[in-house]
Amino acid sequence: MAYTSSTMGVPVAVEMPRHIAVIMDGNGRWATQRRLPRVAGHTKGVEAVRAMVEACARRNISYLTLFAFSSENWRRPTDEISFLMRLFVSVLEREIGKMHSNGIRLRVIGDLTKFEPRIQELVRGAEAKTANNQRMTLTIAANYGGRWDLTQAAYKLAEQAVAEKGMQSIGEADFSKYLAMAYAPEPDLFIRTGGEQRLSNFLLWQCAYTELYFTDIFWPDFDASALDLALDWYCQRERRFGRISAQLESEEKQISC
Ligand code: FPP
């Protein structure tokens, strides 16, 4: 299914976001505050992931995208990276059955070639097993970076579309179909926990018209009630996509007539 691009058309603004993208920040600080090793925050963070997936599925959110490991996270201490990899493996091994029985389709985006072959195999298996599920698509961004995504799409565009169509007829849609998340609508709502207010190289193209929500809550403490606060905030937003308020009002009148 092709979704309306926020720059090429005006997507239908709905009350509940169809797609929520999350930067799960604050695991380390959550642990440090409790005098625990940083990795304890990541373990607790997995519980918050589980709760978030369940809460979004119950609220009929169609797409949930979680930033688990960025292309810049390789700069962290080796121990922490190894721990995060083991956590990723255990989530894939332990949770996929439950996800599948709950109708959740799993997708993983990012440069997986940098991961051990075992992880790549687990990812491919989990994606294949859940490929036909339709309740919600959970995307895990792993070794993902927005600039990596744009670069790999540009390579494919140059290699395939330019050769087939010729440079002059290349447009936005020819490019966006090569992006890692071409299967999903653009995020309606972006949530970042942990108090920082930046995109950190997450879905740079896709967040062109996304509503950005920042909260000080550390990721391990982000629960269903915190999600509901974000959703309430989202409901108050006026999504103009470049238009003016009066145009939206007259559109609403036309709909209610
Ligand atoms: C950011 O907190 C968090 C991460 C880089 C890792 C996120 C991983 C998880 C929540 C667990 C694994 C999840 C899946 C889906 C397998 P931080 O470490 O930057 O915290 P800080 O800013 O307080 O240091």
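Reckoned from all heavy atoms, side chains included, excluding hydrogens, waters and symmetry mates. Small disclaimer: the values here were computed from a predicted structure and weren't measured. Atoms within a ligand are numbered from 1 in the order they appear, just like the ligands themselves.
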Exercise for review: Kindly say whether Arg198 contributes a backbone atom to a donor-acceptor pair with the side chain of Arg192 at under 3.5 angstrom?
Suggested key: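 Yes, because the side chain of Arg192 sits within donor-acceptor range (under 3.5 Å) of the backbone of Arg198.
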So if I count the atoms of ligand 1 from 1 in the order they appear, which ones are less than 4.0 Å from some heavy atom of [X]?
| X | answer |
| --- | --- |
| Ile140 | 15 (C) |
| Asp25 | 1 (C), 2 (O), 17 (P), 19 (O), 20 (O), 21 (P), 22 (O) |
| Phe88 | 16 (C) |

Review point. Counting heavy atoms only, which of Thr193, Asn73, Val46 is nearest atom 11 (C) of ligand 1?
Key: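 The residue whose heavy atom sits nearest atom 11 (C) of ligand 1 is Val46.
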Review point. Evaluating non-hydrogen atoms only, which member of Glu47, Met52, Arg76 is closest to atom 18 (O) of ligand 1?
Key: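 Heavy atom nearest to atom 18 (O) of ligand 1 belongs to Arg76.
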**Study point:** Structural part of Arg50 in contact with ligand 1, heavy atom criterion under 4.0 angstrom
**Key:**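 It is neither; nothing of Arg50 touches ligand 1.
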Check your understanding: Taking non-hydrogen atoms only, is Glu196 closer than 4.0 angstrom to ligand 1 via side chain, backbone, both or neither?
Key ->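 Contact part for Glu196 vs ligand 1: neither.
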Just need the protein heavy atom nearest to [atom], so name the residue and atom and give the distance.
| atom | answer |
| --- | --- |
| atom 3 (C) of ligand 1 | Met24 O, 3.2 Å |
| atom 9 (C) of ligand 1 | Asn27 ND2, 3.7 Å |
| atom 13 (C) of ligand 1 | Val49 CG2, 4.1 Å |

Point to revise | Reported CD-to-CZ distance for the pair Glu93 and Arg86, which is rounded to 0.5 angstrom | key: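 It comes to 12.5 Å.
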Point to revise | CZ on Phe218 to OG1 on Thr32, rounded to 0.5 Å | key: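 Separation between the atoms: 8.5 Å.
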Review point. Do Tyr155 and Leu179 belong together in a cluster built from hydrophobic side chains that touch within less than 4.5 Å?
Key: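 Each belongs to a different hydrophobic cluster.
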**Study point:** Six-ring centre of Trp74, Arg76 cation under 6.0 angstrom, axis tolerance 45°
**Key:**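 Here Arg76 fails the 6.0 Å and 45° test against Trp74.
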Exercise for review: Establish, yes or no, whether the cationic atom of Arg18 lies under 6.0 Å from the six-membered ring centre of Tyr63 and within 45° of the ring axis.
Suggested key: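 No, Arg18 does not lie over the aromatic ring of Tyr63.
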Would [X] count as being in polar contact with ligand 1, using the rule that some N or O on each side must be under 3.5 angstrom apart?
| X | result |
| --- | --- |
| Ala68 | no |
| Trp219 | no |
| Arg38 | yes |

Check your understanding: Any chance CD of Gln152 has more than 12 other-residue heavy atoms, nucleotides or ligands included, within less than 6.0 Å?
Key ->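 Above 12, so yes.
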Practice item. Could you check Asn201 against Trp148 for side chain to side chain contact (heavy atoms under 4.5 Å, CB included), going step by step and ending with a plain yes or no? Key: CA-CA 9 Å; Asn201 199 17; Trp148 163 82; over 6 Å; no
Check your understanding: So Phe190 and Phe202, would you call those rings parallel, tilted or perpendicular, with 30° and 60° as cut-offs?
Key ->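 If you compare the ring of Phe190 with that of Phe202, the planes turn out tilted.
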